[in-house]
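First the proteins, then the strands, lettered A, B, ... as listed; each starts at 1. This one's a predicted model, so the numbers in the text were calculated from it and none came from an experiment.
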Amino acid sequence: MRSTPPPADAVTMPLARWYGDAARDLPWRRPEFHDEFGAWGTLVSEFMLQQTPVNRVIPHLEAWLARWPTPSALAAATTAEVVQQWANLGYPRRALWLHRAAVEITERHDGVVPRDVEALLGLSGIGDYTARAVAVFAYADRHPVVDTNTRRVLARAVLGQAQPGSPSRRDLALMETLLPEDAGESAVFNAAAMELGATVCTSRAPRCEICPLLDGCAWVAAGRPDTGDARRRQAAFEGSDRQARGAVLRILRDAAPDSVPLDSVLPEWPDPLQRHRAIDSLIADGLAEADGELISLPR
DNA sequence: TACCCGTGGGG
DNA sequence: TCCCCAAGGGT
């Protein structure tokens with residue numbers, strides 16, 4: 001006699017089966033990747049994947065790990081080298097944080113990426129998502145891993161809403177209730193939920209026809225209501241400070257390791273005040289360094 | 001909590 | 001063309 005399966009199985013079982021067939025072949029999912037780079041490889045990949053699409057990350061990840069295959073190797077690099085290697089991945093403060101995390105790992109953890117979630121959360125640039133992603137995907141421990149893809153899958157399949165709206169902490173708790181007891185199965189479930197959100201249960205045009213959760217999906221059952229789109233729109237990029245900062249930093253990256261005259265940096269920028277603000281804030285963030293009338297990446 | 005932080009590809 | 005948004009985190 002089998003007991004009635006827990007409701008969570010209605011989600012975990014079909015998802016695991018689907019993942020076995022449909023998972024993309026990504027570098028950080030290959031055994032050789034873990035053999036070669038261990039948890040460090042996972043950590044670097046997760047930093048790069050924060051808000052940067054998979055396809056753009058892959059070549060940068062390989063170059064980065066070839067140059068700095070261990071935390072201590074990166075810790076020994078200069079800020080300028082790190083920012084330049086980060087290239088056009090975007091959000092360059094992540095490069096600073098990754099560098100800082102490498103120093104922290106070297107100094108506080110004997111050069112070994114921590115396994116404990118609390119210890120991981122203590123590192124620069126690591127939050128709820130990245131800490132658990134490292135613990136689960138590098139160390140095969142049992143934790144809920146909740147990113148924007150998983151949140152969307154939970155919102156639709158379980159909560160019946162078009163987009164995630166509840167605080168992400170609540171989705172973390174919800175994911176915990178669905179997590180299989182077995183650590184290995186739970187790791188697959190975490191990866192599968194993310195993969196489904198990335199490739200099928202997408203934000204704009206979900207492909208419900210091929211979704212393994214179609215039969216039990218609360219959102220489909222409700223007639224795919226458009227939940228008023230509570231998402232906050234991303235601030236305009238054109239004319240923003242971010243655009244100005246990006247333009248300045250590109251010049252410094254291209255010139256590195258040389259300095260350039262301050263006057264030569266975006267002299268024609270439409271808003272001189274904004275140009276000044278961009279330069280100052282980059283220096284304040286540690287992404288640039290001024291020396292008299294010269295400016296460069298930090299030395 | 002809401003806002004800030006780059007960059008580029010796809011619908 | 002233009003708009004959306006992408007394996008988040010810090011403040």
Fill in the blank from the handout: Sequence neighbours excluded, the answer for side chain to side chain contact (heavy atoms under 4.5 Å, CB included) partners of Ser264(A) is Val260(A), Pro261(A)
Problem - Donor on one side chain, acceptor on other, Glu46(A) and Tyr129(A), under 3.5 Å - result: yes
Handout entry: Separation of the P atoms in dG9(B) and dG9(C), to the nearest angstrom
Key = 24 Å
Handout entry: Presence of Ser203(A) side-chain N/O under 4.0 Å of dC5(C) phosphate oxygens OP1/OP2
Key = yes
Practice task
Answer yes or no: are there more than 12 heavy-atom neighbours, outside Arg142(A) itself, under 6.0 Å from its atom CZ?
Solution key: yes
Pairs under 3.5 angstrom only: tabulate donor-acceptor contacts from the side chains of residues 284-299 of chain A to other protein residues two or more places apart or in another chain.
unit_1, atom_1, unit_2, atom_2, d
Asp285(A), OD2, Arg245(A), NH1, 2.9
Asp285(A), OD2, Arg245(A), NH2, 2.9
Arg299(A), NH2, Ser259(A), OG, 2.7

Problem - Nearest to side-chain heavy atoms of Arg242(A), which nucleotide of dA7(C), dG6(B), dC4(B) - result: dG6(B)
Exercise for the section: Just call it for Trp86(A): base, sugar-phosphate, or nothing, with non-hydrogen atoms closer than 4.0 Å on any strand. Expected result: nothing
Exercise for the section: Using a 4.0 Å heavy-atom cut-off across all strands, classify Phe47(A) as base, sugar-phosphate, or nothing. Expected result: nothing
Completion exercise
For Phe37(A), the side chain to side chain contact (heavy atoms under 4.5 Å, CB included) test, sequence neighbours excluded, returns Phe33(A), Leu65(A), Pro69(A)
Problem - NZ/NE/NH1/NH2 to OD/OE distance under 4.0 Å, Asp128(A) and Arg132(A) - result: yes
Problem - Distance in angstrom units between Arg151(A) CZ and dG9(C) C1', rounded - result: 14 Å
Completion exercise
To the nearest angstrom, the OH-P distance between Tyr91(A) and dC4(B) comes to 11 Å
Practice task
Could you tell me the separation between the CG atom of Asp128(A) and the P atom of dA7(C), rounded to a whole number of Å?
Solution key: 18 Å
Handout entry: Distance, P atom - from dA7(C) to dC3(B), rounded to whole angstrom
Key = 23 Å
Practice task
Determine which pairs satisfy ring-ring contact (aromatic ring centres under 6.0 Å, His included) with at least one residue from residues 63-96 of chain A, sequence neighbours left out, and list them in order.
Solution key: Trp64(A)-Trp68(A), Trp64(A)-Trp86(A)
Exercise for the section: Would you kindly give the CG-to-P distance between Leu252(A) and dG6(B), to the nearest whole Å? Expected result: 13 Å
Practice task
Write down the distance separating the C1' atoms in dT1(C) and dG8(B), rounded off to the nearest Å.
Solution key: 16 Å
Exercise for the section: Quote, to the nearest angstrom, the C1' distance that separates dC5(C) from dC5(B). Expected result: 15 Å
Practice task
Assign Leu26(A) to base, sugar-phosphate, or nothing according to its heavy-atom contacts below 4.0 angstrom with the strands shown.
Solution key: base
Practice task
Rounded to the nearest angstrom, tell me the gap between atom CD in Glu195(A) and atom P in dA7(C).
Solution key: 10 Å
Problem - Whole-Å gap separating C1' (dA6(C)) and CG (Leu196(A)) - result: 17 Å
Exercise for the section: Using a cut-off of strictly less than 4.0 Å, decide whether Arg93(A) has a side-chain nitrogen or oxygen near OP1 or OP2 of dT11(C). Expected result: no
Exercise for the section: Have a look at Thr148(A) and say if it touches a base, only the backbone sugar-phosphate, or nothing, with a 4.0 Å heavy-atom cut-off. Expected result: sugar-phosphate
Exercise for the section: Taking only the side-chain nitrogens and oxygens of Arg245(A), find out if one of them lies under 4.0 Å from OP1 or OP2 of dG6(B). Expected result: yes
Practice task
Would you please confirm or rule out a distance under 4.0 Å between OP1 or OP2 of dG9(C) and any side-chain N or O of Thr130(A)?
Solution key: yes
Problem - Separation of atom CD in Gln274(A) from atom C1' in dC5(B), rounded to whole Å - result: 14 Å
Give me, pair by pair, the N or O atoms of the protein and of nucleotides 8-11 of chain B that are less than 3.5 Å apart, along with how far apart they are.
unit_1, atom_1, unit_2, atom_2, d
dG8(B), OP1, Asn88(A), ND2, 2.9
dG8(B), OP2, Arg250(A), NH2, 3.3

Exercise for the section: Using atom CZ of Arg100(A) as one end and atom P of dG10(C) as the other, report the distance to the nearest whole Å. Expected result: 10 Å
Exercise for the section: Name the nucleic acid region contacted by Gly90(A), choosing base, sugar-phosphate or nothing; use a 4.0 angstrom heavy-atom cut-off, strictly under. Expected result: base
Handout entry: Under-4.0 Å side-chain N/O to phosphate OP1/OP2 contact, Gln51(A) with dG8(C)
Key = yes
Exercise for the section: Go through the structure and list residues passing side chain to side chain contact (heavy atoms under 4.5 Å, CB included) with Ala247(A), not counting sequence neighbours. Expected result: Leu266(A), Trp269(A)
